[in-house]
Amino acid sequence: MVAASKMRNIGIIAHIDAGKTTTTERILFFTKRQHKMGEVHHGTTVTDWMQEEKERGITITSAATSVDWGDARINIIDTPGHVDFTAEVERSLRVLDGAIGVFCGVAGVQAQSETVWKQANRYNVPRLIFVNKLDRTGADFHAAVEGIRTKLNVRPLLLQLPVGQGNELSGVVDLLSQKLLRFEGKQGARIEEQEIPESMLETVELHRAELIETAVEVDDGLMGRYLEDEVIEIDELKAAIRKGVLQSLFTPIFCGSALKNIGVQPLLDGVVDYLPSPKDLGSIEGSNPKTGKPEERKLSPKAPFSALCFKVHTSDHGELYFLRIYSGIAKLGQAVHNATRNRKERLMRLLVMHANERTQIKEAVAGDIVAVMGLKFTATGDTLCAKEKPILLGSIAFPETVISMAIEPRTLADKDKLLEVLARIAKEDPTFRQRIDAETGQIIISGMGELHLDVIRNRLIREFSVQANVGRPRVAYKQTVGKVIVGSHEFVRQGAGQNQFALVKLHIEPLPELGKVEVVVEPDVEEIPEQYWPSIKEAIRGAAESGLTWGYPVINIRVTCTGGAFDPADSSPEAFAAAASIAFKDALEEQGTVLLEPFMQFEIQVPTEFYGNIIHDLNGRRASIKDVAMSGDDRILSGTVPLSSMFGYSTTVRSLSQGRAAFSMEPCEYAPVPEHLAPKFF
């Protein structure tokens, strides 16, 4: 059993193609977790184990593994860089204690780099930075660091400097030890310490002075000694740096080239030296599921058991539930309580994962990240705990889907299997949605982008052997109200049995908060007994989600029940639900709604010679250019554009730039469709 103080739970986060998976492969090799380095371009990496990942050369699902470095155990999650799979990053960061941000030494801070950095900020995850790919032509370490400083609002703390860049990259200088590190022998496994070249001495001295000055700020005693010109020992500086990292006062920066095996081992030292252990975090806060009052758990094996399910993976061998254990001990066969759903569960199998390889264990302790089998009711974001000491941990928020398409089974025999498989995928992927269109009877699936849905379609055929026809991707439009709307409905139904009666009056107004549907009942509504309020609220939320005539969900609204009437003999929850739903839909259809479309934030890096082609094309797509920056001979365009005009754009941008432009985009907001375009959507 590894002590909590020697444990590190980290993620590797970055923009697509910054080198996350290659860095992970080198970590696995240098820690002797595997004896051969895999390569992304060969489809031989351990963490990209899905067939789709091997073929596309990208990470689609987060993969967990564990390595030993010295006397420390490092649990690693390699996360995707493509925005379509941002949920994998979100749920990983929710349970990790630290992270390595990998940045390309040529491109610097890219669009998805900013997104994952903000996600890590949201969960207050301490980070290290590895500036990668400094062996590539056009690499500029200091420009990358400056981009990190300005775009991410980070206070960088340089711990290393590269020796040469591009083809001349030969090693790194460690500013603490003031030694040149070269990575020699078979695949860079042997580190040789050498003296710093004379040409770099002045630069090294300058940056080391800045390093010390920044580090001692966190310790008054060290600051006093520094001002007295006393020598600060390396161990003292490391302790100060660690303290600053845990408080997010600055972010240490390492550098090198994972592909060329330069700089990976010092990065591992940095993980152990500077990133937090579960013990450093002390405790985790939650709430009592029965009373709602705050609860706290010490991150200790001696505390009552608590864990968060952050990922569900579906396979032919059964469902895997990934847990971060925050307190207590999980044992094979142990009965636990699902506090989110108030259900009993049992841990039938406990597994340590190495990508898709499994090793069964008998117990796991606070701080561990493990997979379990045998759960029946648990989903992503659920809390498992000891029944006698219940706690509800904070769940995980996921973005709304922006794109959908119809899918139909090729034969009647495939229909039941298709619905079953889609339900399994929906349980596994919180950003995937499925529904049956009430008017056409078609199955509609929704996701985060074209690639997301394309991967799901291929999984249906390859992994689950379901034959289905799919339509063209469609934008997931939504609706809202542009003004205050009032409505009411009197629901009356007479029958041979029980009569039904309910009257509901509604006040509907715009709400600026994206995606929110707020339903309230005025506390002085005496005409409707309180026992019927939950039925009214649930019916309105359901009506908003199912949409109106065109099936587009209604968002950004506050619905207030201002009055109504009931009959002691004939009123029921079902009658009030029907009255509320009809009042809501009739009011919006009669008085009108505003159609909303998803806008994407894009970034395109293109050689200057093709800049005009790209701009001309973007103008025809209703794009708004917010910024144009220079990076060497390239221009970097950023702005927003409607998703509806960007289907298949990756092919277009390659054609317009002879394959030399890089393109990425991510959802940013919903905005009204221009009036002259709106009619074509209805």
Side-chain angles (χ1 to χ4, degrees), residues 13-16 58-60 79-94 109-122 151 396-405 426 429-434 444-456 472-480 511-517 545 547 552-556 594-604 618 621-627 637-650 653 662-674 677 681:
I13 59 174
H15 183 91
I16 188 171
I58 61 171
T59 301
I60 291 172
T79 64
H82 198 287
V83 67
D84 281 21
F85 310 106
T86 189
E88 293 289 330
V89 183
E90 189 77 27
R91 58 184 172 190
S92 298
L93 287 171
R94 169 64 180 81
V109 178
Q110 298 165 279
Q112 187 65 5
S113 306
E114 293 188 61
T115 300
V116 297
W117 199 263
K118 289 174 183 175
Q119 288 175 298
N121 286 342
R122 189 155 57 245
K151 293 184 179 181
I396 310 171
F398 296 104
E400 286 292 317
T401 59
V402 297
I403 188 172
S404 62
M405 65 183 181
D429 183 351
T431 59
F432 172 73
R433 301 281 187 275
Q434 58 150 333
I444 307 297
I445 61 174
S446 304
M448 297 303 298
E450 286 183 272
L451 179 59
H452 188 195
L453 294 185
D454 193 41
V455 167
I456 288 172
R472 291 175 59 84
R474 301 183 302 182
V475 171
Y477 293 97
K478 298 187 187 297
Q479 300 174 85
T480 190
L511 190 68
E513 196 167 342
L514 177 62
K516 186 144 185 182
V517 177
E545 187 174 338
Y552 301 139
V554 183
I555 61 171
N556 302 358
V594 177
L595 183 67
L596 302 174
E597 64 177 333
F599 269 69
M600 311 297 284
Q601 181 176 309
F602 68 84
E603 183 176 280
I604 305 171
L618 287 173
R621 298 174 184 269
R622 294 192 285 138
S624 174
I625 310 295
K626 305 292 186 184
D627 185 50
L637 294 80
S638 58
T640 59
V641 63
L643 174 61
S644 59
S645 63
M646 296 300 279
F647 288 133
Y649 185 70
S650 55
V653 77
F663 161 71
S664 66
M665 68 178 182
E666 60 180 301
C668 63
E669 63 180 351
Y670 269 84
V673 175
L677 293 176
F681 296 103

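- Asp429 has its side chain within reach of His452: a pair of non-hydrogen atoms, C-beta onward, lies under 4.5 Å apart.
- The line from CZ of Phe602 to CG of Leu643 is 13.0 Å long, rounded to the nearest 0.5 Å.
- Taking 4.0 Å as the cut-off between side-chain N and carboxylate O, Glu597 and Arg622 count as a salt-bridged pair.
- The line from CD1 of Ile403 to CE of Met646 is 12.0 Å long, rounded to the nearest 0.5 Å.
- Taking 4.5 Å as the limit, every side-chain heavy atom of Trp117 sits out of range of all side-chain heavy atoms of Lys151.
- Across all non-hydrogen atoms, the minimal contact from Val475 to Ser644 is CG2-CA, 3.4 Å.
- In this structure, Tyr649 and Leu618 have side chains that are in contact, with non-hydrogen atoms separated by less than 4.5 Å.
- Judged purely by atom type and a 3.5 angstrom limit, Thr431 has no side-chain atom pairing as donor or acceptor with the backbone of Gly447.
- Atoms CD1 and OG, from Ile604 and Ser638 in turn, are 9.5 Å apart once rounded to the nearest 0.5 Å.
- The distance from atom CD of Gln479 to atom OH of Tyr477, rounded to the nearest 0.5 Å, is 12.5 Å.
- To the nearest 0.5 Å, atom CE of residue Met600 and atom OG1 of residue Thr640 are 11.0 Å apart.
- The closest donor-acceptor contact from the side chain of Thr480 to the backbone of Asn556 lies under 3.5 Å.
- Between Ile13 and Gln119 the shortest side-chain heavy-atom distance does not fall below 4.5 Å.
- Scanning both residues, Val641 and Arg621, for their nearest heavy atoms gives CG2-O, 3.4 Å.
- Taking CE of Met405 as the start and OG of Ser446 as the end, the distance is 10.0 Å to the nearest 0.5 Å.
- Tyr552 has its side chain out of reach of Leu596: every pair of non-hydrogen atoms, C-beta onward, lies at least 4.5 Å apart.
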